[in-house]
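To start, the structure itself, in structure tokens.
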Amino acid sequence: MGGPKRTEYDISHDKQPHTVNITRPFYCAIHETTVKQFRAFVEETGYETDAEKTGKGGLGWDAATSRVRITKTNYTWRNPGFEQGDTHPVVNVTWNDAQAFVQWLSRKSLRKCRLPTEAEWEYACRAGTGNERALSFLGEARYEELLNVSDRSLHKISSPDSFWTGIDGNDGYPFTSPVGAFPANAWGIHDMHGNAAEWCEDWYDKDYYQISPPDDPVGPPAGEYRVIRGGSWIGALHLAAFDERDNAEENDVDGDRGFRVVVEIENN
């Protein structure tokens with residue numbers, strides 16, 4: 001984990017920048033929460049995810065129809081329809097499931113663990129990069145060497161109407177990749193672009209950053225949807241950009257969506 005103490009940068013929606021100051025130090029997990037980590041939580045607590053409790057399941061890959069966004073009752077974090085190892089990011093978890101995990105981790109570690117605010121997430125993603133780029137590594141190498149988004153490995157096995165148009169290259173992973181399989185950003189943090197899209201703590205409001213406080217914004221006090229950031233293995237390249245914002249209901253389940261943990265640092 002890592003994270004400098006203070007910066008200011010522009011957080012965007014519809015490409016309208018807004019200056020934000022991050023004044024409170026925090027640690028950011030260097031990768032998304034893995035299947036192994038989530039399993040440890042489930043085995044210790046007996047927790048059932050929203051997909052399991054409702055019996056509705058989640059979204060995943062259906063080999064019979066070659067489609068990647070099929071809902072089935074047996075699709076959960078345990079089985080998104082494609083093979084995942086212990087080091088892959090856990091998916092088919094809701095915002096509620098992520099909250100249960102970080103609360104458990106807080107009790108276990110005796111530290112304040114939580115999801116990142118949207119502003120903290122973008123700060124960690126940018127890793128000191130300014131507004132002249134949409135991705136922290138833009139122009140430095142071929143995209144398939146740098147992040148896991150929709151690509152040839154997915155396109156060649158899937159119905160073309162079941163995913164976002166992606167990059168022309170082959171990143172080697174049609175679905176999720178092991179965390180850390182691609183290079184870290186300048187602060188040593190992996191998979192901020194692509195792999196699993198990530199829940200943030202905040203309620204979503206498309207106009208929030210026009211009225212938000214300049215220091216440590218935490219999102220609106222209420223809303224209908226929660227913020228999602230970072231793009232995913234099924235998403236187009238532009239959806240993995242710094243300033244792309246997505247959202248979903250707290251109990252929404254998707255086979256391309258996971259989360260990352262941050263830890264608050266107590267001031268001495």
Side-chain angles (χ1 to χ4, degrees), residues 2 12 15 28-36 59-63 65-70 80-92 121-122 124-199 228-246 254-260:
S12 305
K15 307 301 179 282
C28 177
I30 62 173
H31 56 70
E32 297 148 330
T33 301
T34 65
V35 171
K36 181 178 181 179
L59 273 68
W61 158 251
D62 180 38
T65 60
S66 299
R67 296 181 66 83
V68 294
R69 303 206 85 166
I70 297 296
F82 52 84
E83 185 176 354
Q84 283 195 302
D86 281 351
T87 60
H88 284 239
V90 66
V91 293
N92 270 333
W121 187 95
E122 187 167 329
C125 182
R126 286 181 179 274
T129 303
N131 286 328
E132 71 277 6
R133 298 180 176 187
L135 301 163
S136 57
F137 39 67
L138 186 63
E140 295 178 8
R142 296 185 302 178
Y143 290 125
E144 63 268 26
E145 298 175 355
L146 297 170
L147 78 170
N148 180 14
V149 293
S150 178
D151 73 312
R152 284 184 183 177
S153 67
L154 177 62
H155 302 174
K156 71 181 181 180
I157 64 172
S158 303
S159 171
D161 61 347
S162 66
F163 54 80
W164 288 88
T165 300
I167 60 175
D168 188 49
N170 186 336
D171 61 29
Y173 300 99
F175 310 113
T176 58
S177 58
V179 297
F182 294 88
N185 67 14
W187 289 349
I189 307 173
H190 293 270
D191 297 320
M192 297 298 287
H193 301 296
N195 208 10
E198 300 177 19
W199 289 107
I228 302 166
R229 286 297 204 109
S232 74
W233 59 268
I234 197 177
L237 181 64
H238 76 272
L239 298 176
F242 290 137
D243 54 2
E244 285 290 334
R245 306 175 69 206
D246 198 1
D254 203 315
D256 76 336
R257 193 177 301 146
F259 64 97
R260 182 184 306 264

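Ser150 is linked by a side-chain hydrogen bond (donor to acceptor under 3.5 Å, both in side chains) to His155, counting only residues two or more places apart in sequence or in another chain. Under the salt bridge (charged side-chain N to carboxylate O under 4.0 Å, His left out) criterion, Glu32 pairs with no residue at all, not counting sequence neighbours. The salt bridge (charged side-chain N to carboxylate O under 4.0 Å, His left out) search around Arg257 returns Asp252, Asp254, not counting sequence neighbours. Listed by chain and number, the residues in a salt bridge (charged side-chain N to carboxylate O under 4.0 Å, His left out) with Asp246 amount to none (sequence neighbours excluded).
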Show which side-chain atoms of residues 166-173 pair as donor or acceptor with protein atoms under 3.5 Å away, not counting sequence neighbours.
{"residue": "Asp168", "atom": "OD1", "partner": "Arg152", "partner atom": "NE", "Å": "3.4"}
{"residue": "Asp168", "atom": "OD1", "partner": "Arg152", "partner atom": "NH2", "Å": "3.3"}
{"residue": "Asp168", "atom": "OD2", "partner": "Arg152", "partner atom": "NH2", "Å": "2.8"}
{"residue": "Asn170", "atom": "OD1", "partner": "Gly172", "partner atom": "N", "Å": "2.7"}
{"residue": "Asp171", "atom": "OD1", "partner": "Tyr173", "partner atom": "N", "Å": "2.8"}
{"residue": "Asp171", "atom": "OD2", "partner": "Val149", "partner atom": "N", "Å": "3.4"}

Kindly list each side-chain donor-acceptor pair under 3.5 angstrom involving residues 232-242, sequence neighbours excluded, with atom names and distances?
{"residue": "Ser232", "atom": "OG", "partner": "Ile234", "partner atom": "N", "Å": "3.3"}
{"residue": "Ser232", "atom": "OG", "partner": "Asp256", "partner atom": "OD2", "Å": "2.6"}
{"residue": "Trp233", "atom": "NE1", "partner": "Gly255", "partner atom": "O", "Å": "3.3"}

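Annotation for Asp191 and Gly180: closest pair OD2-N, 3.2 Å, computed over non-hydrogen atoms. Nearest heavy atom pair, residue Ile189 against residue Ala29, reads CG2-O, 3.7 Å. Ala196 and Gly258 make their closest contact through CB-N, 3.9 Å (heavy atoms, listed as atom of the first residue, atom of the second, distance). Between Ser66 and Ile157, the closest heavy-atom pair is CB-O, 3.5 Å.
The CG atom of Asn185 sits 8.5 Å away from atom NE2 of His190, with the distance rounded to the nearest 0.5 Å. Going from atom CH2 of Trp199 over to atom OG1 of Thr33 covers 14.0 Å, rounded to the nearest 0.5 Å. To the nearest 0.5 Å, the span separating CZ on Phe182 from NE2 on His193 amounts to 13.0 Å. Of the inter-residue distances, the one linking Gln84 atom CD with Lys36 atom NZ reads 15.0 Å to the nearest 0.5 angstrom. Here Cys125 contributes atom SG and Arg260 contributes atom CZ; the two are 8.5 Å apart, rounded to the nearest 0.5 Å. Between Asp62 atom CG and Ser159 atom OG the span is 11.0 Å, to the nearest 0.5 Å.
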Going through the distances and angles, do Glu244 and Arg229 end up as a side chain to side chain contact (heavy atoms under 4.5 Å, CB included)? CA-CA 7 Å; Glu244 285 290 334; Arg229 286 297 204 109; over 6 Å; no

Side chain to side chain contact (heavy atoms under 4.5 Å, CB included) assessment of Leu154 paired with Trp61: CA-CA 11 Å; Leu154 177 62; Trp61 158 251; 5.5 Å; no

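Between Glu83 and His88 the shortest side-chain heavy-atom distance does not fall below 4.5 Å. Looking only at side-chain heavy atoms (C-beta outward), Arg67 and Asp161 come within less than 4.5 Å of each other. Counting only heavy atoms from C-beta outward, the side chains of Leu146 and Pro183 approach each other to under 4.5 Å. The shortest distance between side-chain heavy atoms of Asn195 and His31 does not fall below 4.5 Å.
Proximity of a side-chain donor or acceptor of Asn148 to a complementary backbone N or O of Phe175 within less than 3.5 Å is detected.
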